[in-house]
Amino acid sequence: MKKEMKKILVTGSVGQIGSELTMELRKKYGAENVIATGRKTKPTAELEASGPFYYIDVVKKDSVEEIIKKHDIDTIYHMSALLSAVGEKDPMLCWDVNMNGTINILNLAVQYEMARVIIPSSIAVWGPGTPAIAPQECALKPTTMYGVTKVAGEVLADYYVRKFGLDSRGLRYPGIISSETFPGGGTTDYAVAIYYEAVKNRHYTCFVREDTKLPMMYMPDCLKSTLDLAEADFSTLKHHNDFNVGSMSFTVRELADSIRKYIPEFTINYEPDFRQAIADSWPDAVDDSAARSEWGWTPAWDLDTMTRDMLEKLTEKHKKGLI
Ligand code: SER
């Protein structure tokens, strides 16, 4: 008998998405019912004070199993992963954490008859030659180790749906922009760093060219898409672990222009590095019609509303000396 979604484990809860997702889940399901975990990084005081937190290593199955047993976990949000840029610095570590971590979570979910598992994927599943607007169905030929692990993770999780009847779901997140926790080593990090630097120094040196265009999403939409998919009726889903999910797409030039509407003296220069090739290998935008029709996805934020909110939040933090 499958369990209900009552006791949730979040891996990677100290990360960019995990930290805000944990707080959102705690609001929704009760603080004691959401068990936050991380490998090494200390959680913020807010996260630590808000409910249970443990250090685990998703690569070490026993360390995850201990928490599952202790808290009778029935649902996992598996947010821990190495992103694209750090993954290129240490591809073997990226493989180890992203693949062995994921298969451990899937096997434990089957063993403990979990109600549901959420495993994020990414725009990194695509590679050079993908149409500018990536369709839901097309060849996945990534050129980063991160992308390789995300393609394999999607296919693996879909296998568990078919083979073991596991309810596993996942989204291909675009670059996620947020003001709480800085992302840990992705290619799309420039779209976050630009806001921090605009507030602190009125200037940003960008590591990709100004015409670089990628799909992006603001954190409130990221949380909404994650929870909407997690709560969708399984019987309405034709896809499971590979939903395209779109919100906005812009070039760095357009992003800088949007910031200048609020900070007219903001300046930017460009010093592309190895991350340019990664950005160039990803599509400009995604076709998310499957997410829209299968579970009703609609984004709420656009570039200018996001810019205003980001600048307000970061200016506040800067005044308090927090950034
Ligand atoms: N934000 C991620 C990265 O840049 C993409 O999923 O690696």
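Atoms within each ligand, like the ligands themselves, are counted from 1 in listed order.
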Legend entry - Ionic contact status for Lys213 with Glu254, cut-off 4.0 Å: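 Result for this pair is no, no salt bridge flagged.
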
Legend entry - Proximal ligand 1 atoms for Trp282, defined as those under 4.0 Å from one of its heavy atoms: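 Result: 3 (C), 4 (O), 5 (C), 7 (O).
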
Inset, instruction - Using a strict 4.0 Å cut-off to heavy atoms of Leu83, name the atoms of ligand 1 that fall inside it. - result: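 Counting atoms of ligand 1 from 1, those under 4.0 Å from Leu83 are 7 (O).
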
Inset, instruction - Go through the steps to decide whether His203 and Asn269 satisfy the test side-chain hydrogen bond (donor to acceptor under 3.5 Å, both in side chains), and finish with yes or no. - result: CA-CA 8 Å; His203 180 78; Asn269 70 314; 2.9 Å; yes

Inset, instruction - Please say which of Val245, Asp287, Thr298, Asn244 ends up in a side chain to side chain contact (heavy atoms under 4.5 Å, CB included) with Arg292. - result: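 Passing option: Thr298.
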
Legend entry - Location of contacts on Tyr190 toward ligand 1, heavy atoms closer than 4.0 Å: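 Tyr190 to ligand 1: no contact under 4.0 Å from either part.
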
Inset, instruction - For ligand 1, note which part of Ser84 has a heavy atom under 4.0 Å away: side chain, backbone, both or neither. - result: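 Both backbone and side chain.
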
Inset, instruction - Only one of Phe250, Tyr173, Tyr195, Trp301 passes ring pair (Phe, Tyr, Trp, His ring centres under 6.0 Å) with Tyr218; say which it is. - result: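 Of the listed options, the one satisfying the test is Trp301.
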
Legend entry - Polar contact flag, side-chain donor to acceptor under 3.5 angstrom, Ser225-Asp228: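 No, no side-chain donor-acceptor pair sits under 3.5 Å.
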
Legend entry - Any side-chain donor near an acceptor of the partner, Ser289 and Gln136, under 3.5 Å: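 No, no side-chain donor-acceptor contact under 3.5 Å.
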
Inset, instruction - Please indicate whether any nitrogen or oxygen in Ser122 is less than 3.5 Å from any nitrogen or oxygen in ligand 1. - result: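 Min N/O separation from ligand 1 is below 3.5 Å for Ser122.
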
Legend entry - Distance-only N or O hit between ligand 1 and Thr188, under 3.5 Å: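 Such a contact does occur with ligand 1.
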
Legend entry - Protein contact of atom 4 (O) of ligand 1 - nearest heavy atom, named by residue and atom, plus distance: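 So the nearest neighbour among protein heavy atoms is Thr187 N, 2.6 Å.
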
